[in-house]
Amino acid sequence: MQTYKMFIDGRWEDAASGETFETKNPFNGKVWAAIPRGGKEDAERAIEAAYRAFTSGPWPKLTASARGHLLRRLGDLIAENAENLARIEVTDNGKLINEMLFQLKYIPQWYYYFGGLADKIEGAVIPIDKPETFNFTRNEPLGVCVGITPWNSPLLLLAYKLAPALAAGNTFVAKPSEFTSASTLEFAKLVEQAGFPAGVFNVVTGFGADVGEMLTTHKHVAKIAFTGSEATGRKIGELAARNFKKVTLELGGKSPNIVFDDAEIDNAVNGVISGIFAATGQTCIAGSRLLVQRSIHDQFLEKIVNLAKTARMGDPLLTNTQVGPVTTPPQLEKILGYIDIAKNEGAECVLGGGRPSNPELSNGWFVEPTIFSGVRNDMRIAQEEVFGPVLSVIPFDTDEEAVHIANDTSYGLAAGFWTQDMRRILKVSAAIQAGTVWVNTYRVISYMSPLGGYKHSGIGRENGMASIQQYMQTKSVMISTAEDVANPFIMR
């Protein structure tokens with residue numbers, strides 16, 4: 001069994017308590033690694049190390065170009081170790097090796113992109129209305145940033161936060177999910193190898209109840225970036241607000257995937273299946289509500305059911321597996337509970353609806369790809385985030401009704417729709433209340449394009465130019481060139 005240590009102030013250390021906890025493989029339920037169970041003392045040590053690194057030592061003395069070089073070096077190391085990191089993530093969270101390999105081979109681009117932006121951060125000279133006054137602005141780092149990541153894509157979602165934070169000159173404390181900590185600890189080895197000064201990047205592992213309050217309330221923490229559930233995001237936001245800390249929150253979603261009757265049907269079928277089942281539904285942007293125009297509803301439903309029936313469930317480390325296990329036992333129970341709720345509400349289960357009967361999958365945390373038809377948008381299965389391979393199918397008649405149903409939710413993270421009508425593309429994309437809207441595609445992301453939510457789906461944006469601005473603060477400097485000081489009792 002693999003035994004890990006935390007990475008604090010450039011050193012590999014056990015938890016102060018000496019305690020560890022087990023992490024299990026979702027495919028077979030077996031323990032494969034031991035993770036340090038950090039507590040408040042460990043979180044405080046990591047924050048203090050990050051604060052020292054921000055205020056003294058080599059990091060604040062580095063030029064922006066030098067910071068960029070370190071980030072690009074880190075990107076190279078991730079690329080060199082992509083296969084190993086992908087296998088560790090699959091072992092830890094059960095997602096498909098094909099998907100995790102794609103992610104790990106793509107993640108270096110975040111460090112290349114933000115490494116390139118590091119020395120492009122500029123202020124401005126402002127020709128203000130005050131005579132004999134020279135005014136300019138500086139964009140400066142915030143300080144110690146905390147990144148709290150979920151279990152579904154640990155290193156990708158860490159890159160969303162870490163790359164812009166370090167490019168802007170901040171220091172960082174990462175807290176991965178207790179269910180998937182191993183890949184972040186393996187990643188820390190690459191940060192060390194890249195040559196970042198001690199304390200610039202730290203990893204504290206453990207449970208939110210043990211370390212969460214310290215990470216979100218400590219006086220030296222300037223910002224918290226979190227990806228996860230709405231409930232946890234609300235708690236983090238409340239704690240951070242007590243001391244006016246900045247936050248970026250990427251929270252839940254109940255994303256609509258809309259199919260109009262002029263869509264390229266086969267493309268839309270593939271996009272719908274990919275949007276909900278490819279990641280076992282374990283993504284905030286999952287297209288969990290399928291809205292289908294009534295004129296093609298029955299035909300389209302038949303096609304997606306027939307395609308979903310062919311999905312191969314099995315070992316996520318095998319390249320021919322198409323649906324892997326759910327990552328955690330609590331999530332498994334939550335998904336099965338929502339399936340029961342949907343049945344009790346009157347939705348018709350036309351595919352799946354439980355655990356697979358294959359005895360080879362009995363030790364893993366598997367749920368069959370599940371499709372419900374006859375869903376009303378006011379049902380819980382259509383309003384609450386399931387975070388699993390469960391699709392709700394809702395019919396509509398007009399464009400206006402589709403938009404109304406799409407927006408009739410407390411969430412607004414993402415949406416997709418399928419049509420060949422350019423006028424509809426422009427009108428519907430403007431009307432949908434979501435931070436990302438895909439047209440004739442789904443689940444496309446880029447390090448260059450902002451990602452974030454409307455409404456209860458979060459605050460702030462990650463990726464692209466928009467994200468680096470959220471790791472900086474603007475200072476205005478005014479220099480008098482006057483020979484005589486004006487009347488001190490009058491505002492100038």
Side-chain angles (χ1 to χ4, degrees), residues 110 114 142 145-165 168 170 172 174-177 208 212 215-216 221-242 244-257 275 279 281-289 331 382-387 406-416 429 431-438 442-472:
W110 269 260
F114 287 102
L142 299 173
C145 299
V146 168
I148 303 174
T149 56
W151 39 258
N152 55 338
S153 293
L155 293 184
L156 178 66
L157 296 172
L158 177 61
Y160 286 10
K161 301 160 180 58
L162 179 62
N170 300 283
F172 206 89
K175 161 59 176 75
S177 166
L215 291 174
T216 52
V221 172
K223 173 168 180 160
I224 303 102
F226 168 76
T227 300
S229 71
E230 178 188 353
T232 304
R234 182 176 286 109
K235 292 178 183 177
I236 289 171
E238 290 171 353
L239 289 171
R242 294 177 185 177
F244 309 104
K245 300 182 187 303
K246 299 182 185 298
V247 294
T248 298
L249 304 174
E250 198 262 88
L251 308 177
K254 199 66 188 175
S255 301
N257 206 347
Q282 297 177 113
T283 170
C284 297
I285 57 177
S288 55
R289 287 186 300 153
Q331 189 61 26
Q383 289 293 319
E384 299 175 15
E385 187 177 42
V386 177
F387 219 70
N407 291 340
D408 185 20
T409 171
S410 61
Y411 295 112
L413 186 58
S429 63
I432 288 178
Q433 298 167 358
T436 297
V437 178
W438 293 290
Y442 206 87
R443 287 187 73 215
V444 175
I445 60 168
S446 171
Y447 53 91
M448 302 174 73
S449 183
L451 177 70
Y454 284 28
K455 299 184 282 189
H456 289 199
S457 286
I459 297 171
R461 292 295 180 268
E462 296 185 308
N463 302 337
M465 292 290 293
S467 67
I468 199 168
Q469 296 292 334
Q470 297 185 41
Y471 286 92
M472 297 185 294

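Please read these numbers as outputs of a predicted model, since none were measured by experiment.
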Original post:
Taking it one step at a time, do Ile285 and Arg443 satisfy side-chain contact (heavy atoms from CB on, under 4.5 Å)?
Top reply: CA-CA 7 Å; Ile285 57 177; Arg443 287 187 73 215; 4.2 Å; yes

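- Atom NZ of Lys246 has 12 or fewer neighbouring heavy atoms from other residues, nucleotides or ligands inside a 6.0 Å radius.
- In this model, a donor atom of one side chain and an acceptor atom of the other lie less than 3.5 Å apart for Trp110 and Asn463.
- For the pair Lys245/Thr216, no side-chain contact is recorded, criterion being any heavy-atom separation below 4.5 Å from C-beta on.
- Gln282 meets the side-chain hydrogen bond (donor to acceptor under 3.5 Å, both in side chains) test with Thr327; sequence neighbours excluded.
- Take Arg461 and apply the side-chain hydrogen bond (donor to acceptor under 3.5 Å, both in side chains) test, not counting sequence neighbours, and it matches no residue.
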**OP:** Step by step, work out the side-chain hydrogen bond (donor to acceptor under 3.5 Å, both in side chains) result for Lys161 and Thr149.
**Re:** CA-CA 9 Å; Lys161 301 160 180 58; Thr149 56; over 6 Å; no

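- Within the model, atoms CD1 of Ile459 and CG of Leu249 stand 5.0 Å from one another, a figure rounded to the nearest 0.5 Å.
- With rounding to the nearest 0.5 Å, the separation of OG in Ser457 from CG in Leu451 is 10.0 Å.
- In terms of heavy-atom proximity, Ser467 sits nearest to Phe114 at OG-CZ, 3.2 Å.
- Residue Ser153 holds its OG atom at 8.0 Å from CD1 of Ile445, rounded to the nearest 0.5 Å.
- Closest approach of Leu413 and Gly253 over heavy atoms only: CB-CA, 4.3 Å.
- No donor-acceptor pair under 3.5 Å is formed between the side chain of Asn257 and the backbone N or O of Gly275.
- For Lys223, there are no salt bridge (Lys or Arg N to Asp or Glu O under 4.0 Å) partners two or more places apart in sequence or in a different chain.
- Summarising the geometry of Leu215 relative to Val146, their closest heavy-atom pair is O-CG2, 3.6 Å, with the distance given to 0.1 Å.
- Note: Glu384 CD to Ser410 OG = 9.0 Å, rounded to the nearest 0.5 Å.
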Original post:
Given Ile224 and Ile148, is the side-chain contact (heavy atoms from CB on, under 4.5 Å) satisfied, shown in steps?
Top reply: CA-CA 8 Å; Ile224 303 102; Ile148 303 174; 4.1 Å; yes

Can you give me every donor-acceptor pair (side chain of residues 232-239, partner residue at least two apart or in another chain, under 3.5 Å) with its distance?
residue	atom	partner	partner atom	Å
Thr232	OG1	Ser229	OG	3.0
Arg234	NH2	Glu230	OE2	2.9

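- Remark: Asn152 engages no residue in a side-chain hydrogen bond (donor to acceptor under 3.5 Å, both in side chains) (not counting sequence neighbours).
- Atom OH of Tyr454 sits about 9.0 Å away from atom OG1 of Thr436, to the nearest 0.5 Å.
- Taking each heavy atom of Phe172 and Ala165 in turn, the nearest pair found is CD1-CB, 3.8 Å.
- Contact record, Ala431 with Asn407: O-ND2, 3.1 Å, taken as the closest heavy-atom pair.
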**OP:** Evaluate side-chain contact (heavy atoms from CB on, under 4.5 Å) for Gln383 paired with Lys254, printing each intermediate quantity in order.
**Re:** CA-CA 7 Å; Gln383 289 293 319; Lys254 199 66 188 175; 5.9 Å; no

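- The two residues Ala414 and Pro256 come nearest to each other via the heavy atoms O-CD, 3.4 Å.
- Among residues two or more places apart in sequence or in another chain, the salt bridge (Lys or Arg N to Asp or Glu O under 4.0 Å) test is passed with Glu385 by none.
- Atom CD in Glu462 sits 6.0 Å away from atom CD in Glu250 (nearest 0.5 Å).
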Subject >> Step-by-step side-chain contact (heavy atoms from CB on, under 4.5 Å) determination, Val444 to Trp438 >> reply: CA-CA 8 Å; Val444 175; Trp438 293 290; 3.7 Å; yes

